Amino acid sequence: MNIVIHPERVRCLNHEQQITGPVIYWMSREHRIRHNWAYLFASQLANRNRQLLLVLFNLVRSYPGATFRHYDFMLQGLQKVEEYLRSLGIPFFVLTGDPAATIPHFIEAHHAGALVSDFSPLKISRAWKEKLLQSTSVPLYEVDARNIVPCWIASTKEEYSARTIRPKINGCLDTFLTGFPATHPPFSGETAVSLPPPVDWKRLYAYISAKRNVEPVSWIAPGEDAAMQQLAEFISNRLQRYAAERNDPTSNAVSHLSPYLHFGQISAQHVASVVKESDAPKESKDAFLEELVVRRELAENYCFYNSRYDSLDGIRPWAGKTLEEHRHDKREYIYDTETFEEGSTHDPLWNAAQTELREKGKMHGYLRMYWAKKILEWTPHPETAFDTALYLNDTYSLDGRDPNGYTGIAWSIGGIHDRPWFERPVFGKIRYMNYNGCKRKFNVDKYITLQGKGA
Ligand SMILES: Cc1cc2nc3c(=O)[nH]c(=O)nc-3n(C[C@H](O)[C@H](O)[C@H](O)COP(=O)(O)OP(=O)(O)OC[C@H]3O[C@@H](n4cnc5c(N)ncnc54)[C@H](O)[C@@H]3O)c2cc1C
């Protein structure tokens with residue numbers, strides 16, 4: 001089968017050369033087989049060069065901010081990947097250690113001819129690839145299997161706001177929002193003589209070093225089948241209400257796809273196609289695609305072009321200036337990280353939102369804004385606010401440590417992608433949110449009661 005992969009979705013990070021050994025797909029960010037352009041590209045490269053396809057995942061003992069909750073969700077998802085690949089007769093390996101050391105060794109041991117990986121704008125992933133480039137002589141291809149419009153094509157610079165990136169993305173959708181092949185391509189290269197022994201998942205669970213007290217959650221099942229199931233339920237039961245009710249945390253109108261998207265267990269492009277084809281009202285489809293495509297890809301743009309995305313240093317000059325001018329404003333309440341973490345502030349709504357985050361591993365999107373802005377209001381400095389919000393988000397949220405998280409926090413606390421508002425204490429010109437505003441939007445008491453019941 002000839003799969004059409006847009007050439008601009010792929011870039012070679014070193015040099016192209018004839019491929020005379022197996023093609024390795026280093027699955028790094030996209031933990032799925034279906035609807036995965038990086039997997040498809042690697043598979044096609046192997047087929048065209050009549051070589052084996054090998055898939056590997058490299059597990060690091062600890063990843064900044066990752067807890068047992070994250071590792072468990074990820075490892076269970078990867079177990080499904082192994083099962084899927086096994087059913088296709090494609091070897092899957094899990095390496096442990098620093099990828100810049102383990103992968104060159106693997107390439108050498110398997111006399112590999114090329115390495116294909118998926119794209120991430122985050123610094124850790126880019127640093128791994130840069131290090132790897134110094135010690136490998138085979139071509140290293142990077143495929144943007146995360147964004148509908150490849151990040152480097154959507155824009156060549158840091159965008160100012162959704163308003164500036166929207167026309168660029170929308171202008172490329174006809175080119176990039178194409179369908180995927182219905183099935184994965186048959187493997188037509190040399191057939192693997194035998195598959196490697198099954199992955200020893202127990203050993204991998206023992207290997208990781210992560211905060212064990214942040215436990216897995218039970219309301220969401222990991223893996224690409226579960227992700228597809230969540231998508232189907234969203235389309236059938238919730239999408240039609242999305243435009244009207246997405247900002248109401250008591251109405252369950254959102255998709256709950258962010259953990260799957262974060263771990264690459266579902267493709268945003270597939271989600272967008274299914275949503276577009278559904279018979280939900282146009283306004284709901286449009287509202288959802290604005291979040292999934294424009295806002296999400298704007299966050300990728302921010303992290304790709306602004307290396308200071310994980311601190312307040314990344315914000316725009318107007319925002320830095322206004323926060324500086326209000327640095328010494330008196331704060332009515334000041335809390336330390338533990339008080340925030342426990343959800344023991346004076347504000348029952350904030351505490352309920354924090355409980356949702358801590359216990360469920362996901363907070364409703366509307367409350368995330370209120371939650372982060374209150375951290376700015378109740379900490380001694382904006383930098384402390386940024387770091388506290390990032391720590392709590394990344395520790396407890398299943399979808400944390402994601403471009404969306406860095407950008408969401410930078411938006412709430414540092415006005416990124418937003419505009420200056422009326423000046424007020426502490427916030428300066430950063431947009432303000434308050435309890436009464438939430439009361440006008442949704443039934444705050446109902447939300448607090450729901451969290452108290454662990455709903
Ligand atoms: C302070 C703060 C922290 C955040 N932290 C994270 C995070 O760690 N991880 C994360 O994925 N998102 C984060 N967001 C963005 C957003 O709140 C979540 O993506 C959304 O709530 C996820 O739930 P859902 O999939 O049910 O959303 P839905 O409303 O169903 O949206 C579908 C998808 O659209 C995308 N999306 C929705 N809202 C946004 C947004 N504002 N910006 C960018 N993409 C969006 C996400 O990929 C989401 O999964 C944060 C926002 C704020 C304000």
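A quick note: this is a predicted structure, and the numbers were derived from the prediction, not measured. Numbering starts at 1 and runs along the sequence shown. Note that ligands are numbered from 1 as they come in the structure, with each ligand's atoms numbered from 1 the same way.
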Check: Tyr447/Asp248 side-chain N/O donor and acceptor closer than 3.5 Å: no

Sidechain-backbone polar pair: Lys285 side chain, Lys276 backbone, donor-acceptor under 3.5 Å: yes

Expected output: side-chain Arg238 to main-chain Arg241 donor-acceptor under 3.5 Å: no

Under 3.5 Å, which donor-acceptor pairs link side chains of residues 289-297 to any protein atom two or more places apart or in another chain?
unit_1 : atom_1 : unit_2 : atom_2 : d
Glu290 : OE1    : Arg166 : NE     : 3.0
Glu290 : OE2    : Arg166 : NH2    : 2.9
Glu290 : OE2    : Arg295 : NE     : 3.2
Arg296 : NE     : Leu292 : O      : 2.8
Arg296 : NH2    : Leu292 : O      : 3.4
Glu297 : OE1    : Val149 : N      : 3.4
Glu297 : OE2    : Ile148 : N      : 2.5

Validation row, ring centre Phe340 to ring centre Trp350 under 6.0 Å: yes

List, pair by pair, the atoms of ligand 1 and of the protein that are both N or O and lie under 3.5 Å apart, giving the separation rounded to 0.1 Å.
unit_1   : atom_1 : unit_2 : atom_2 : d
ligand 1 : 5 (N)  : Asn393 : OD1    : 3.4
ligand 1 : 8 (O)  : Asn393 : ND2    : 2.8
ligand 1 : 8 (O)  : Asp399 : O      : 3.3
ligand 1 : 8 (O)  : Asp399 : OD1    : 3.3
ligand 1 : 9 (N)  : Asp399 : O      : 2.9
ligand 1 : 9 (N)  : Asp399 : OD1    : 3.1
ligand 1 : 11 (O) : Asn404 : ND2    : 3.3
ligand 1 : 23 (O) : Lys362 : NZ     : 3.2
ligand 1 : 25 (O) : Ser255 : OG     : 3.4
ligand 1 : 25 (O) : Leu257 : N      : 3.3
ligand 1 : 25 (O) : Ser258 : N      : 3.0
ligand 1 : 26 (O) : His256 : N      : 2.7
ligand 1 : 26 (O) : Lys362 : NZ     : 2.9
ligand 1 : 29 (O) : Tyr242 : OH     : 2.6
ligand 1 : 30 (O) : Ser255 : N      : 2.8
ligand 1 : 30 (O) : Ser255 : OG     : 2.6
ligand 1 : 34 (O) : Leu292 : N      : 3.4
ligand 1 : 38 (N) : Glu291 : OE1    : 3.2
ligand 1 : 44 (N) : Asn404 : OD1    : 3.4
ligand 1 : 44 (N) : Asn404 : ND2    : 3.3
ligand 1 : 47 (O) : Asn404 : ND2    : 3.4
ligand 1 : 49 (O) : Ser258 : N      : 3.4

Value rounded to 0.5 Å, distance of OG in Ser120 from CZ in Arg146: 7.5 Å

